[in-house]
Amino acid sequence: MILVTGGAGFIGANFVLDWLAQSDEPVVNLDKLTYAGNRENLASLQGDGRHIFVQGDIGDTSLVERLLAGHRPRAVINFAAESHVDRSIHGPGEFIQTNVVGTFRLLDAVRGYWAGLEAEHRQAFRFLHVSTDEVYGSLAPHDPAFAETNRYEPNSPYSASKAASDHLVRAWHHTYGLPVLTTNCSNNYGPYHFPEKLIPLMIVNALAGKPLPVYGDGMQIRDWLYVKDHCSAIRTVLAGGRVGETYNVGGWNEKPNIEIVQTVCALLDELRPRPDGQSYAGQITYVTDRPGHDRRYAIDARKLERELGWRPAETFETGIRKTVRWYLDNPDWVAHVQSGAYREWVSKQYASA
Ligand code: NAD
Ligand code: TYD
C-alpha cells in the first residue's frame, strides 16, 4: 500500500480518487483537515476498504510512526502543505509549521521506518515530495521556462517554505540515503479546487453575481495544468523516476490571468447565461495588486517527457471546459465549502476591493 499525506485537499483528493480508479493498491490517507481539507472530496470512497482515512498532522511523529509500522507502505507521497500565497502573506506562521517543520518531522519518521526495512523493501521504497514551480521565483517576459537546474529564488512566504521543504528532502537523500523523488509543478486547476484560488474563485463569484477581482494589471502569467495530468505525472515519477532527482511538471499553457478570467466568463456565458443576457465579463474588477506578486511562471517539462515519456493529456481548452462544467454540476459541494471560515477569509482578503 501507499501512504498519502494531504489527500483531502485539492490535488491529493484527485490523486487518491484516480489511484483507486486505476489500481487496487490500498491508500492510507493522512490529512489534518485544515480549512483546505474536505472529506466531501472523498465521498465516493465511503465504504471502500482500499481507502483508510486518518485525521492527523504530518508533524505528529508518534502518529506517523504508528501508521508506518502498522501499514508498512511501499511509498509515501507528500501533498500535505499550506498552499495559498495570499494566506501566507497574512499569516506565514502556519506555512513554516507545516511546510518546513512538518516536512522535517515526516521525513525523519519515514527515515526511521525505511532504515528498518529488509534490504529488498528498502531498495524499492520511495518518498515522493510534491512541490511547486514557485520555488524558482519570477521570470522576465523572454526568459526560458524553469528547468530543474534553475536556481531557487522564492519570493513569497509560501514559496520560501516550499523551497525549504525541497532542500530538506534533498538533504535526507544525500545524507541518509532516503530514496526520494521531488516534483515541481505549475498551477493546477480542475475539480475540488478550493474557491480561494483564481479559477474556482472566478467561477463561484461569477455565478453569485459578485465582482471578479483581478490583481494589478492582470498580466501576470501562470502555466496551467489540469489536475488529473498532474496526478498522472506523479504516478509516472513514482513508478520510474530516478532516485534523488527532481522533475518539473507543467502544461505548456502559459496564459495571463486576465485571459483566464475572460475564458471562464465566456464558458459561463455559453453554459449558464446570465438572466439579463449580459456577459459575466462585466463583473471583472481590477483590484490592488498582491505584495511581491511574481510576474511570470513557466515550466520546461522536457526532462519528464524525455526520461519517462509523460505529456499532459488535456489542452487548456478541454481542461477548463471540464472544470467549469464540474462546478456547474456540483452546486452542493460549492455551497458546503463556502462555510463561515471561507466567508471570513474573503472579507479579510478583499476588504478594500
Ligand atoms: P490544498 O491546500 O488544497 O490541500 C492541502 C491539504 O493538506 C489539505 O487537505 C490540508 O488539510 C492538508 N494539510 C495541511 N496541513 C497539514 C498537516 N500539517 N498535516 C496533514 N495534512 C495537512 O493544496 P493543494 O493545492 O492540493 O496542493 C497540494 C500540494 O501540491 C502542496 O504541497 C502544494 O504546495 C503543491 N502544489 C500545488 C499546486 C497548485 O496549483 N495547487 C501546484 C504545485 C504544487
Ligand atoms: P492563485 O490561484 O492564488 O495561485 P498562485 O498565486 O499560487 O499562482 O493565483 C493565480 C494568479 O491569479 C496569481 O497571479 C494571482 C492572481 N489572482 C487574482 O488576480 N485575483 C484573485 O482573486 C486571486 C485569488 C488570484
Side-chain angles (χ1 to χ4, degrees), residues 10 35-36 83-87 89-90 141 186-227 251 253-298 314-353:
F10 163 48
Y35 79 92
S83 70
H84 188 33
V85 174
D86 291 323
R87 284 188 191 252
I89 295 168
H90 286 283
S186 59
N187 286 61
N188 285 214
Y189 66 99
Y192 305 108
H193 205 182
F194 192 76
E196 65 182 357
K197 306 276 171 72
L198 180 72
I199 290 179
L201 182 82
M202 295 300 152
I203 299 171
V204 307
N205 275 16
L207 293 171
K210 293 185 179 157
L212 307 180
V214 172
Y215 297 164
D217 64 1
M219 291 306 291
Q220 302 82 6
I221 291 173
R222 300 292 183 262
D223 177 353
W224 295 92
L225 180 69
Y226 191 61
V227 63
N253 269 314
E254 280 188 64
K255 297 206 184 291
N257 292 339
I258 188 64
E259 195 181 316
I260 298 291
V261 178
Q262 281 161 347
T263 303
V264 166
C265 290
L267 279 167
L268 287 172
D269 288 341
E270 175 197 327
L271 299 170
R272 181 71 54 84
R274 264 174 45 161
D276 64 4
Q278 301 291 305
S279 171
Y280 288 98
Q283 291 166 231
I284 292 174
T285 313
Y286 287 89
V287 300
T288 310
D289 208 353
R290 169 188 283 173
H293 199 169
D294 284 339
R295 200 69 190 161
R296 175 176 167 237
Y297 303 142
E314 302 288 343
T315 62
F316 186 70
E317 290 63 34
T318 58
I320 193 70
R321 183 172 282 275
K322 284 184 184 174
T323 303
V324 170
R325 269 196 198 286
W326 188 87
Y327 280 83
L328 290 173
D329 291 344
N330 290 276
D332 290 346
W333 183 92
V334 172
H336 295 165
V337 296
Q338 292 178 302
S339 65
Y342 175 79
R343 285 196 296 274
E344 247 170 63
W345 163 253
V346 168
S347 60
K348 182 166 159 187
Q349 171 66 7
Y350 299 98
S352 58

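Scope of the values below: all heavy atoms of this structure, side chains included, with no hydrogens, waters or symmetry mates.
For the pair Val264/Thr323, no side-chain contact is recorded, criterion being any heavy-atom separation below 4.5 Å from C-beta on. Inter-residue side-chain proximity for Leu268 and Leu328 is flagged as met; some heavy-atom pair is nearer than 4.5 Å. Contact of the Arg274 side chain with the Asp269 side chain is not registered, since no non-hydrogen atoms from C-beta on lie closer than 4.5 Å. Using a 4.5 Å heavy-atom threshold, the side chains of Gln338 and Val204 count as touching. By the 4.5 Å heavy-atom criterion applied to side chains, Glu196 and Gln349 are not counted as neighbours. Residues Tyr350 and Lys210 form no side-chain contact, since every pair of their non-hydrogen atoms from C-beta on lies 4.5 Å or further apart. At least one side-chain heavy atom of Asp289 sits less than 4.5 Å from a side-chain heavy atom of Gln220. You'll find the side chain of Phe10 reaches within 4.5 Å of the side chain of Val227, heavy atoms only.
To the nearest 0.5 Å, atom CZ of residue Arg87 and atom NZ of residue Lys348 are 8.0 Å apart. Of the inter-residue distances, the one linking Trp345 atom CH2 with His84 atom NE2 reads 4.5 Å to the nearest 0.5 angstrom. In this structure, Thr288 OG1 and His293 NE2 are separated by 12.5 Å, a value rounded to the nearest 0.5 Å. A distance of 6.5 Å separates CH2 in Trp224 from CG in Asn257, rounded to the nearest 0.5 Å. With rounding to the nearest 0.5 angstrom, the CD atom of Glu314 is 3.5 Å from the NZ atom of Lys322.
In this pair, Trp333 and Tyr192 present their aromatic rings perpendicular. The plane angle is above 60°, beyond the 30 to 60° band.
Put simply, the residue from Glu259, Arg296, Arg295, Lys255 that forms a side chain to side chain contact (heavy atoms under 4.5 Å, CB included) with Ile221 is Arg296. The only member of Ile284, Ile203, Leu198 that meets side chain to side chain contact (heavy atoms under 4.5 Å, CB included) when paired with Leu212 is Ile284.
Here the closest heavy-atom approach between residue Pro200 and residue Pro195 is recorded as CB-CA, 3.7 Å. A pairwise comparison of heavy atoms in Asp294 and Tyr297 identifies OD2-OH, 2.6 Å as the closest pair. Nearest heavy atoms, Leu225 versus Gly251: CD1-CA, 3.6 Å. The heavy-atom pair separating Tyr189 from Thr315 by the smallest distance is OH-O, 3.7 Å. Nearest heavy atom pair, residue Asn205 against residue Pro211, reads ND2-O, 3.0 Å. Between Leu201 and Pro213 the shortest heavy-atom distance is CD2-CG, 4.0 Å.
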*asked:* Using side chain to side chain contact (heavy atoms under 4.5 Å, CB included), reason through Ile260 and Phe316 one step at a time and then give a plain yes or no.
replied: CA-CA 10 Å; Ile260 298 291; Phe316 186 70; 3.4 Å; yes
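For the pair Asp223 (side chain) and Asn253 (backbone), a donor-acceptor distance under 3.5 Å is present. Using a distance-only test at 3.5 Å, with no hydrogens or angles considered, a donor-acceptor pair links the side chain of Gln283 to the main chain of Ala206.
Remark: Arg325 CZ is loosely packed, at most 12 non-hydrogen atoms of other residues, nucleotides or ligands lying under 6.0 Å away. The environment of NZ in Lys197 is crowded: more than 12 heavy-atom neighbours from other residues, nucleotides or ligands sit within 6.0 Å.
Taking the ring axis of Tyr327 as reference, the NZ or CZ atom of Arg272 does not stay both within 45° of it and closer than 6.0 Å to the ring centre.
A donor-acceptor contact closer than 3.5 angstrom links the side chains of Asp86 and Tyr215.
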